[in-house]
Protein chains: 2
Amino acid sequence: MAGEPRRYRELCPIALALDVIGDRWTLLLIRELFAGPKRFTDLEQGLPGVGSSVLATRLRHLEQHGLVRRRRLPRPAPALIYELTPRGASLDAVVLSIARWGAAYLPGQQDLVSRGRWLLQALAATADPPPPGLGSTNFVLDGEESHIRVGHRRLAARDGLLTDARATVRGTVPDLYTLATTSGTGEPGLGRVAVDGDRRAAEWLLKHLVAGLRSAANSGTSTKEHA
Amino acid sequence: MAGEPRRYRELCPIALALDVIGDRWTLLLIRELFAGPKRFTDLEQGLPGVGSSVLATRLRHLEQHGLVRRRRLPRPAPALIYELTPRGASLDAVVLSIARWGAAYLPGQQDLVSRGRWLLQALAATADPPPPGLGSTNFVLDGEESHIRVGHRRLAARDGLLTDARATVRGTVPDLYTLATTSGTGEPGLGRVAVDGDRRAAEWLLKHLVAGLRSAANSGTSTKEHA
DNA sequence: CGGAATCCTCTTCGATACTG
DNA sequence: CAGTATCGAAGAGGATTCCG
């Protein structure tokens, strides 16, 4: 029995929004679903520390509010998956603005759980609109497969590999993190990551991504905070 | 003793952002500060139900992270006020995107606490960039003074009255709420609100505001949710 | 094996009371 | 006015158990 969930009861769009997406774990759960449909267990893996009970409660809440849909996959994959509805996907502006604001905290972090795709989502969120000719690229980071798709006006990071990617970048998450957050003098090139396929295309994409992240991280008025 | 605040400990800009602004009440507190500097007691009034202990904890947290600054006002006003730092003010994109997304929930609400300025913030957040010639306007709603300033590319709602406003709109919050959310056939005019000063200017501004709110509320894929 | 419900402990919240 | 102290209630975190 969850009882009535806590609400603000204010006639204010921010308060009404937070009644739906303001609970702990909710926006991170939505971050996971922006990377593609997920099973319950996938979500547990993508939200370290969440606890199955809280996750089930959040999923039910989001389903009731029409942000998430539960769907049974047809054969040959007898799995129950969760995915964003159009209303849920319309949170992209919210998720992007939070990711851009939070990018200022990315450099210099230690002792945090890391996932390749989180870093790719950060890079995609902070990137400028792609110049013509920039190509979608696959990534295998710490053995985890994901990709960055180059769309019309923005980049998007999702799970899995594309069949039509221009190149595949391989390495560890620390490798890419170092490449992205270390302000080497001039152009550090690829650092320790390796490339299959069109190396030029991968270099160009990475350069575009790193420039965007640095710009977002610096526009944070570089407050180092936390006495 | 608060102990260590709970953190996600993920190398992800969204998780790092939510470690700072994700706690209950925090974004609503920031909403209040976007309307101008506030004393502790003002904030309590603007956050019905918060409890002074939680408010003090949130303010300390935001101060430590460099989003909020505490300042002692000089004579003749021996008051301690809280205000946003530049880093705190850089949350405007986050607050705006949440307000726009949440605007879909505004129509048809009942039994909620209402404040004139919250509604003005909602209208300012969802409004399109102002056309040239649109003028700043004062509002007195349920006796509470606030205003909407017409800026370069956006509107902003704050507390208090401007000395150089084009007009003053007077009425109750339900009056303005009805005017804003009731899709009357064609143009409902001013409804029950009254205008001092340039009536044409006030009508134009209100028309602009209402159009923006309706557009934002409808782009929400009108899911009525919550069984 | 995936998808939870249950149980237990700990933290946080909300409300009231109290203090410099 | 600007908070701190306190306390019952609600929520989160973690492990285990259950069910199809």
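We name chains A, B, ... by the order of the sequence lines, and we start the count at 1 in each one. Every heavy atom of this structure was used, including side-chain atoms; hydrogens, water molecules and symmetry mates were not. Since the model is a prediction, treat every value here as computed from it, not as a measurement.
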field: Interatomic distance, A:T85 atom OG1 to A:R69 atom CZ [nearest 0.5 angstrom]
entry: 6.5 Å
- prompt: When the distance from CZ of A:R58 to C1' of D:dA12 is rounded to whole Å, what number comes out?
  reply: 8 Å
- prompt: Cationic tip of B:R24 within the cone over A:Y8's six-membered ring, i.e. under 6.0 Å and within 45° of the normal?
  reply: yes
query: Taking only N and O in the side chain of B:Y8, is any of them less than 4.0 Å away from OP1 or OP2 of D:dG13?
result: no
message: At a heavy-atom distance below 4.0 Å, what parts of residues 19-35 of chain A sit against DNA chain D?
response: A:R24, A:W25
task: Please report the closest heavy-atom contact between B:L155 and B:A127, naming both atoms and the distance.
output: CD1-CB, 3.7 Å
query: Rounded to whole angstroms, how far apart are CG on B:L59 and P on D:dC1?
result: 16 Å
Could you list the protein-to-nucleotides 14-20 of chain D atom pairs, N/O on both sides, closer than 3.5 Å?
unit_1	atom_1	unit_2	atom_2	d
D:dG14	OP2	A:G49	O	3.1

query: Parallel, tilted or perpendicular: which fits the ring planes of A:W101 and A:Y105, with parallel below 30° and perpendicular above 60°?
result: perpendicular
task: Could you tell me whether A:R117 sits above the aromatic face of A:F139, with NZ or CZ closer than 6.0 angstrom to the six-membered ring centre and within 45 degrees of the axis?
output: no
query: Do the side-chain N or O atoms of B:R6 get closer than 4.0 angstrom to the phosphate oxygens (OP1, OP2) of D:dA12?
result: no
task: Take the protein atom CD of A:E44 and the nucleotide atom C1' of C:dA5, then report the distance between them rounded to whole Å.
output: 13 Å
- request: Return the nearest nucleotide to the side chain of B:R39; candidates are D:dC1, C:dC13, C:dG3.
  value: D:dC1
query: Has A:R192 got its NZ or CZ under 6.0 Å from the middle of the six-membered ring of A:Y177, at an angle within 45 degrees of the ring axis?
result: no
query: When rounded to the nearest 0.5 angstrom, what is the spacing between CH2 in B:W25 and CG in B:L43?
result: 12.0 Å
message: If I take atom CG in residue B:L80 and atom P in nucleotide C:dG20, what distance separates them, rounded to the nearest angstrom?
response: 18 Å
- request: Take atom CZ of A:R72 and atom C1' of C:dC1, then tell me their distance rounded to the nearest Å.
  value: 13 Å
- request: Could you state the atom-to-atom distance from CG of B:L55 to P of C:dT16 in whole Å?
  value: 16 Å
- request: Round to a whole Å and report the spacing from CG of B:L73 to P of D:dA2.
  value: 10 Å
- request: Whole angstrom is fine here: how far is it from CZ in B:F40 over to P in C:dG20?
  value: 17 Å
statement: Taking D:dA12, D:dC1, D:dG3 as options, the one with an atom nearest any side-chain atom of A:V54 is D:dA12
task: Validate the cation-pi geometry between B:R58 and B:Y82: distance from NZ or CZ to the six-membered ring centre under 6.0 Å, angle to the ring axis within 45°.
output: no
task: Ignoring hydrogens and angles, tell me if any N or O in the side chain of B:S97 forms a donor-acceptor pair with the backbone of B:A93 under 3.5 Å.
output: yes
message: Taking 4.0 Å as the cut-off, does a side-chain nitrogen or oxygen of B:R7 come that near to OP1 or OP2 on D:dA12?
response: no
